[in-house]
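I have placed the structure first, in the form of structure tokens, so that the comments after it can refer back to it.
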Amino acid sequence: MLTLKAITENTEEILRKLAVKHFDGKEIIGKIIDLNVQRRTSQSALDANLATINTLSKSIGQLIKEGKKEEAEALRTQVAETKENNKYLEASMKGAEEEMQNLLVLIPNTPHESVPLGRHAEDNVTERTGGIIPALSEDALPHWDLAKKYDLIDFELGVKITGAGFPVYKGKGARLQRALINFFLDCAREQGYLEIEPPYMVNAASGYGTGQLPDKEGQMYHDAGDDYYLIPTAEVPVTNIYRDVILEEKELPIKNTAYSACFRREAGSYGKDVRGLNRLHQFNKVEIVRIDTPEHSYESLEEMVNYVQSLVDKLELPWRILRLCGGDMSFTSALTFDFEVFSAAQKRWLEVSSVSNFESYQANRLKCRYRDVNKKTQLCHTLNGSALALPRIVAALLENNQTAEGIRIPKALIPYTGFDIID
RNA sequence: GGAGAGAUGCUCGAGUGGCUGAAGAGGCACGCCUGGAAAGCGUGUAAACGACUAAAUCGUUUCGCGGGUUCGAAUCCCGCUUUCUCCGCCA
């Protein structure tokens with residue numbers, strides 16, 4: 001969430017920036033500012049009362065020691081009176097605080113200056129493109145047919161075991177998953193990312209930390225028995241490593257990578273767009289996470305984008321990078337680049353990665369701070385990106401590389417798969 | 001799952017109702033000493049919120065978390081979380 005300081009000190013600027021995300025914050029920010037005043041006045045009064053009580057209490061102890069019982073008794077009543085008033089002040093302070101907090105989480109992050117104006121996906125700006133879109137024959141098959149033909153992925157079997165959106169990978173299909181995961185992790189490690197294997201379930205505090213809760217509750221699977229959530233991405237457990245942590249500036253930037261299975265309910269999405277591997281309830285993904293100083297975070301973002309580009313290049317897939325417009329960006333992001341690869345049989349672009357700088361928005365909720373050279377604690381900037389999500393990569397690989405002899409495996413991947421063709 | 005014992009600052013560790021935001025030790029930082037280092041000496045070493053902004057200063061809160069008792073709680077009581085030991089179960 002945004003910091004109170006920013007909201008109260010740069011109100012106009014914040015409002016202007018929020019408008020780029022088509023968010024009208026005037027009313028809500030007005031309320032927050034009012035509540036903040038209420039909170040502060042209540043606290044000042046309460047603090048003064050508590051200070052009085054503390055002093056009186058010390059005197060009482062002293063008087064009792066000296067045997068002055070009546071005087072002590074008098075002070076005791078005085079304390080009791082002061083405390084009556086405290087109940088009200090405390091309620092006012094806590095009430096304002098809580099209400100303010102509830103409003104604060106409703107405000108999205110402010111977009112970076114470079115975010116293009118626009119409402120929809122069509123308004124996103126293509127940064128650059130690469131790779132070659134293959135010319136497939138007329139009878140080229142979409143990946144769900146290829147998966148069946150070579151017995152790589154069984155969607156119906158997943159339905160039997162669990163439900164729609166939980167595919168079963170088999171044979172070379174399963175090995176391809178394992179190969180891609182290892183390939184992505186190795187590449188990340190070579191770039192200096194520390195490999196993490198996180199829990200796949202998180203508690204509510206972690207969900208709040210990265211912003212899945214309270215608003216996106218319905219998108220996560222929830223175990224009511226223990227009140228745990230299945231992670232929608234490794235970003236959640238990995239970023240929460242740094243919740244309530246004060247780092248030293250020399251530790252930054254922190255670079256972590258993690259593979260995890262990801263679970264998403266995505267209720268109510270059916271039809272052609274979600275066919276096959278296009279959208280799943282469970283899928284594999286390797287994530288990269290960075291924690292950085294505000295001064296360096298955009299440099300980090302660029303580095304991450306270049307890194308993800310190197311991955312799709314190695315996989316020999318046609319790609320494009322989009323700079324998301326204000327209307328298409330996520331709630332928490334300040335600047336996002338989406339990677340799409342072209343799936344040549346479906347003849348459509350598929351999103352395979354989203355690389356974002358959240359600036360201090362997540363860090364403020366997480367209380368992830370660092371001590372700068374002047375020993376002042378400041379909020380870190382957090383960034384993350386998929387590197388990469390597997391299903392749509394697999395869709396594009398299968399479709400784009402289909403030949404009469406079988407499906408060709410890109411060179412960089414062969415050491416990981418142990419085979420160079422699926423036939 | 002059952003029984004017992006713990007949880008104190010960066011770390012270890014003292015502390016059973018007021019003089020304890022917290023002894024002592026270690027670590028770390030800075031300074032002195034040194035040709036340089038070690039040793040030694042000295043100083044410092046939490047966060048959040050508030051008091052007009054920053055610095056300084058002051059106030060409040062925080063000894064796992066949440067409640068309670070009391071004029072006053074690290075210290076007493078209750079609930080929860082978590083760690084260790086033993087038993088049970090188990091990949």
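Reminder, nothing fancy here: chain letters follow the sequence lines and each chain counts from 1.
Projected onto RNA chain B by closest heavy-atom contact, A:Arg371 and A:Ser57 fall at different nucleotides, the more 5' of which corresponds to A:Ser57. Each of A:Gly61 and A:Lys5 was assigned the nucleotide of RNA chain B with the nearest heavy atom; the assignment lying further toward the 5' end belongs to A:Gly61.
Comparing the P positions of B:A7 and B:U69 gives a spacing of 25 Å, expressed to the nearest Å. To the nearest whole angstrom, the two C1' atoms, one in B:C10 and one in B:G44, are 14 Å apart. Comparing B:U11 with B:A23, their P atoms are spaced 15 Å from each other, to the whole Å. Between B:G26 and B:A3, the distance separating the two P atoms is 43 Å to the nearest Å. Spacing between B:U62 and B:G67 at atom P, rounded to whole Å, works out to 10 Å. Between B:C78 and B:G6, the distance separating the two P atoms is 14 Å to the nearest Å. Spacing between B:U70 and B:C49 at atom C1', rounded to whole Å, works out to 26 Å. As rounded to the nearest Å, B:G42 and B:U81 have C1' atoms that lie 43 Å from one another.
Side-chain atoms of A:Thr257 and A:Glu287 form no donor-acceptor pair, as typed in the model, at a separation below 3.5 Å. No donor-acceptor contact under 3.5 angstrom links the side chains of A:Asn49 and A:Thr82, judged on distance only. For the residue pair A:Asn357/A:Ser297, the side-chain donor-acceptor check at 3.5 Å is satisfied. The closest side-chain donor-acceptor pair between A:Asn203 and A:Ser206 falls under 3.5 angstrom. Side-chain atoms of A:Gln346 and A:Asn278 form a donor-acceptor pair, as typed in the model, at a separation below 3.5 Å. Inspection of the A:Tyr370 and A:Asp292 side chains reveals no N or O donor paired with an N or O acceptor under 3.5 Å.
Between atom CZ of residue A:Arg39 and atom CG of residue A:Asp34 there is a gap of 13.5 Å, rounded to the nearest 0.5 Å.
Nucleotide B:A25: paired with B:U11 (Watson-Crick or G-U wobble, both distances less than 3.5 Å). In this structure, B:G35 forms no base pair with any nucleotide, since neither Watson-Crick nor G-U wobble geometry is met with both distances under 3.5 Å. Summarising the base pairing, B:G72 is matched to no nucleotide, lacking a Watson-Crick or G-U wobble pair whose two defining distances lie under 3.5 Å. With a cut-off of 3.5 Å on both Watson-Crick or G-U wobble distances, the partner of B:C63 is given as none. In this entry B:C58 has B:G50 as its Watson-Crick or G-U wobble partner, both defining distances falling under 3.5 Å. Under the Watson-Crick or G-U wobble criterion, with both distances below 3.5 Å, B:G42 is paired with B:C30. Within the shown strands, B:U83 is the pairing partner of B:A5 under the Watson-Crick or G-U definition, both distances less than 3.5 Å.
At a threshold of 4.0 angstrom between heavy atoms, the contacts of A:Thr377 are confined to the sugar-phosphate backbone, with no base atom among them. When heavy atoms are screened at a 4.0 angstrom cut-off, A:Lys83 is found touching the sugar-phosphate backbone but no base atom. Among the heavy atoms of the strands, none lies under 4.0 Å from A:Leu56.
In summary, contact between chain A and RNA chain B, defined as any nucleotide atom under 4.0 Å from a heavy atom of the protein, begins and ends at B:G18 to B:G72 in the 5' to 3' direction.
Applying the salt bridge (Lys or Arg N to Asp or Glu O under 4.0 Å) test to pairs two or more places apart or on separate chains, those with a residue in residues 155-176 of chain A are A:Asp151-A:Lys170, A:Asp154-A:Lys170, A:Lys172-A:Asp423.
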